[in-house]
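Every chain is numbered from 1 and lettered A, B, ... according to where its sequence line falls, protein lines coming before strand lines. Values below: every heavy atom of this structure, side chains too, minus hydrogens, waters and symmetry copies.
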Protein chains: 4
Amino acid sequence: MALQKTTPTKDKREAIIETMLDLVVERGFHDAPMSLLAKRAGASAGVIYHYFASKDEVIHAVYLHVKSLKLQSMLENQLPNSSFKQAYLQMYVNAYNFYRTHLRETRFLDLYENSTFCDANPPTPAADLQPDIAEFMKSFRPKSEGGVLKNLPLPAIYEFAFGTARQLAKKDLVLDSSELKNVALASWAAISDD
Amino acid sequence: MALQKTTPTKDKREAIIETMLDLVVERGFHDAPMSLLAKRAGASAGVIYHYFASKDEVIHAVYLHVKSLKLQSMLENQLPNSSFKQAYLQMYVNAYNFYRTHLRETRFLDLYENSTFCDANPPTPAADLQPDIAEFMKSFRPKSEGGVLKNLPLPAIYEFAFGTARQLAKKDLVLDSSELKNVALASWAAISDD
Amino acid sequence: MALQKTTPTKDKREAIIETMLDLVVERGFHDAPMSLLAKRAGASAGVIYHYFASKDEVIHAVYLHVKSLKLQSMLENQLPNSSFKQAYLQMYVNAYNFYRTHLRETRFLDLYENSTFCDANPPTPAADLQPDIAEFMKSFRPKSEGGVLKNLPLPAIYEFAFGTARQLAKKDLVLDSSELKNVALASWAAISDD
Amino acid sequence: MALQKTTPTKDKREAIIETMLDLVVERGFHDAPMSLLAKRAGASAGVIYHYFASKDEVIHAVYLHVKSLKLQSMLENQLPNSSFKQAYLQMYVNAYNFYRTHLRETRFLDLYENSTFCDANPPTPAADLQPDIAEFMKSFRPKSEGGVLKNLPLPAIYEFAFGTARQLAKKDLVLDSSELKNVALASWAAISDD
DNA sequence: AATGAATGAGCCTTCATTCAT
DNA sequence: CATGAATGAAGGCTCATTCAT
């Protein structure tokens, strides 16, 4: 009996986050009223403020939730002894697939990062990363900084890499795995001499 | 006499557009009230509705204005008999420079394109372009479609091309012309086999 | 025609102030909702914010209004060449009468001065006074400070003087002019040796 | 055993009362939410309603608490065979000292008595007093009513007496014992011919 | 007794838009 | 063309109170 309930409190908190995600994606931040959030999440207008201090906090919580989901996806399917290039290509594919299969979340990220919400806390790329890929990140730099990539500014490298994966995933077309592999290789061609 | 006429009316219309651009960039769409727009544009709340049917229309007009500015910039400094690669690299540089020197406008584009405003009229790449570069565009395609580029999906090509120019221009770092050239070449490496 | 209208705008502003005075006195600051203020003042909820920045500002305006009324009353019926004592007694009577006939305003003052509203701007007695009575005020001090009154702390003098007039005016009983004169004399006995 | 019992329950009740006193003084009646009261009193939002029927009841209880404290103070330091004047002056000093050393409580009284809370039950002066001073009160009246004081309306007498003590105690200045004695004498001059 | 999540009415304020002048 | 007072629906948020546990 006791087992069955995953903490009713956590459930409500998550329902609110999940509902806000939907709402924001469907209608934008400013057309996502707390009243509607409440109704759709099956809560009263008041309780939300039991879990979150303000609308902004709810939105921030959605962001944290999405970011964590994303990070998790990025690290999937890595073979233990793969080369750096292999690891990179796999990660590119992961990124694309995550964005592709989480259009709601991706759309939210776009909205959030283009809003005035996160002007204070810019998502440091490094902060996004877990120890697991610390080693990967060491190589993921221009040669001039001890990495293995072309001597391009780091932001440029990021852009040719995961930036393009994200932009592409949002397009209407769906890449099959062969096309995706080509795109990943094109991205590799942009950032690496090998 | 007739010449002189254009001014007062056009000026006010333009003042409104320009002011809305500022406002939106500074504060976001939903913190850009018509009342403030009026005050800053030196107009009354009422007159704005003589020039535009609604707030949305003002914003749409800003978008058109910015898009036209951008297109103009893209075509600069093209030498008459340059190779396709040369033309491409120049255009990449143009794009970067436009975004770089029009951060306000670029920010507006980001906001606009990420808003629920233009969900109906997605900016078709082709629609952006003027006859001048019709010929350029013929080559700017995968070989499989009669162009000269890698066999990648067109949106992917766009993304590796101008998409990256735009993303990079928004970063804090400013590329000097040598770095920029390298980046343009990296982009070329992504999309072309040559 | 034009003569008849005392500026419709001023009228509405004043209607709002007057209505807020009523409301606050009847129900207290926190049971005087803007919605009710609007309804009773014959305005929409929105316009009030055309005239005042916030509820607090409305209340502040009421205070200024009341303070000005009060000052005016204090200076009435002063004979040109009366002695200081005569002037004082008249002023005491004026104060009593003002408070007595402006119970609404007096009640408002009590509420306002006991609220957290004016914690910042404590009504300096001196600031309340106009040049007219500058000379009177010179004498209205303890001898030790160049005045003609007992050597009591100034606030004590104020309290025995106008403080008591105000407190008394709020009581249920109404003093007739002979009783009032006695009270004024009692107050004089408290502050003066003559 | 029975003795020990009083503690836990009474303590919580008192903690609530004491905390509400603080809260109201710090923030006013309407910025003293039950939720905050609960937190600061170390109770849950719910239990408060086991001890009090409503927020208003809590506030009423605070008032009763403060009034009882005050009465106790008023009667201190009375010498057995002192004259009426001596007794009066001592009481004046007591009053001043109570208010002076209980600014929190005094502030609460001001707020309470100026609120819409107690419009029904105005604190009858007589009701404030205990048998101990019944005799004192017999003399504390105008001659015309069998007392020993000036023929002034009773409320006027009260006002010149303890009213001024209270007002003065709230001022920033602190009277030393000699100044305080002078003030008490000034008050005596206002109400007595002797 | 005690907890604290839940309710929901109501508050202050904003703002796109209209319209008499 | 221009003004700016006026509207009124909505929005975010608070808080006294209740009630299942």
Engineer: So if I take every side-chain heavy atom of B:Ser54 and compare against F:dG12, E:dT17, E:dT13, which nucleotide ends up nearest?
Structural biologist: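 Of the options given, the side chain of B:Ser54 lies nearest E:dT17.
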
Engineer: Salt bridge (Lys or Arg N to Asp or Glu O under 4.0 Å) with B:Glu18: which of B:Arg40, B:Lys12, B:Arg104?
Structural biologist: B:Arg104

Engineer: Between A:Asn114 and B:Leu111, what is the shortest heavy-atom contact and its length?
Structural biologist: O-CD2, 2.9 Å

Engineer: Quick one: which of F:dC13, E:dT7, F:dT7 gets closest to the side chain of C:Ser44?
Structural biologist: F:dT7

Engineer: Rounded to whole angstrom units, what separation is found between the CG atom of D:Asp11 and the P atom of E:dA1?
Structural biologist: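 Computing the D:Asp11:CG to E:dA1:P distance gives 13 Å.
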
Engineer: Reckon B:Ala38 touches a base, only the sugar-phosphate, or nothing at all at heavy-atom distances under 4.0 Å?
Structural biologist: nothing

Engineer: Could you tell me how far apart C:Leu37 (CG) and E:dC12 (C1') are, to the nearest whole angstrom?
Structural biologist: 12 Å

Engineer: Which nucleotide, F:dT3, F:dC13, E:dT13, lies nearest any side-chain atom of A:Ala45?
Structural biologist: F:dC13

Engineer: May I ask you to evaluate whether A:Tyr51 reaches the phosphate of E:dA6, defined as a side-chain N or O under 4.0 Å from OP1 or OP2?
Structural biologist: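 Result: yes.
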
Engineer: Under a 3.5 Å cut-off for both contacts, is F:dT21 paired Watson-Crick or G-U wobble with anything, and if yes, with which nucleotide?
Structural biologist: E:dA2

Engineer: Can you label the angle between the A:Tyr112 ring and the A:Phe108 ring as parallel, tilted or perpendicular, going by 30° and 60°?
Structural biologist: parallel

Engineer: What is the distance from NE2 of B:His30 to P of F:dG12, rounded to the nearest Å?
Structural biologist: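 Distance check: B:His30 NE2 to F:dG12 P gives 12 Å.
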
Engineer: Could you state the CE-P distance from B:Met34 to F:dT3, rounded to the nearest angstrom?
Structural biologist: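 In whole Å, F:dT3 P lies 14 Å from B:Met34 CE.
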
Engineer: Please report the distance, rounded to the nearest Å, between NZ in A:Lys39 and P in F:dA10.
Structural biologist: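 So the two atoms are 11 Å apart, to the nearest Å.
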
Engineer: Can you tell me the distance, in whole Å, between the CZ atom of C:Phe29 and the C1' atom of E:dC12?
Structural biologist: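 Whole-Å distance recorded here is 16 Å.
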
Engineer: Taking the side chain as C-beta and beyond, is there a heavy-atom pair between C:His102 and C:Arg107 under 4.5 Å?
Structural biologist: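 C:His102 vs C:Arg107: side chains apart.
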
Engineer: Specify the closest pair of heavy atoms between A:Phe29 and A:Lys55, including all atoms of both residues, with the distance to one decimal.
Structural biologist: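 Reported closest heavy-atom pair: O-NZ, 2.9 Å.
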
Engineer: If I take atom CD1 in residue C:Ile16 and atom P in nucleotide F:dT7, what distance separates them, rounded to the nearest angstrom?
Structural biologist: 10 Å

Engineer: Considering only F:dG12, F:dA2, F:dT17, which nucleotide approaches the side chain of A:Pro33 most closely?
Structural biologist: F:dG12

Engineer: Return the nearest nucleotide to the side chain of A:Val47; candidates are E:dA1, E:dT7, F:dA9.
Structural biologist: E:dT7

Engineer: Could you check which of F:dG11, F:dA6, E:dA2 has an atom nearest any side-chain atom of A:Ser35?
Structural biologist: F:dG11

Engineer: Within the structure shown, what part of the strands sits under 4.0 Å from B:Asp56 by heavy-atom distance: base, sugar-phosphate, or nothing?
Structural biologist: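 The answer is nothing, as B:Asp56 stays clear of every strand by at least 4.0 Å.
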
Engineer: Could you check which of E:dT3, E:dC15, E:dT17 has an atom nearest any side-chain atom of B:Asp31?
Structural biologist: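 So the nucleotide nearest the side chain must be E:dC15.
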
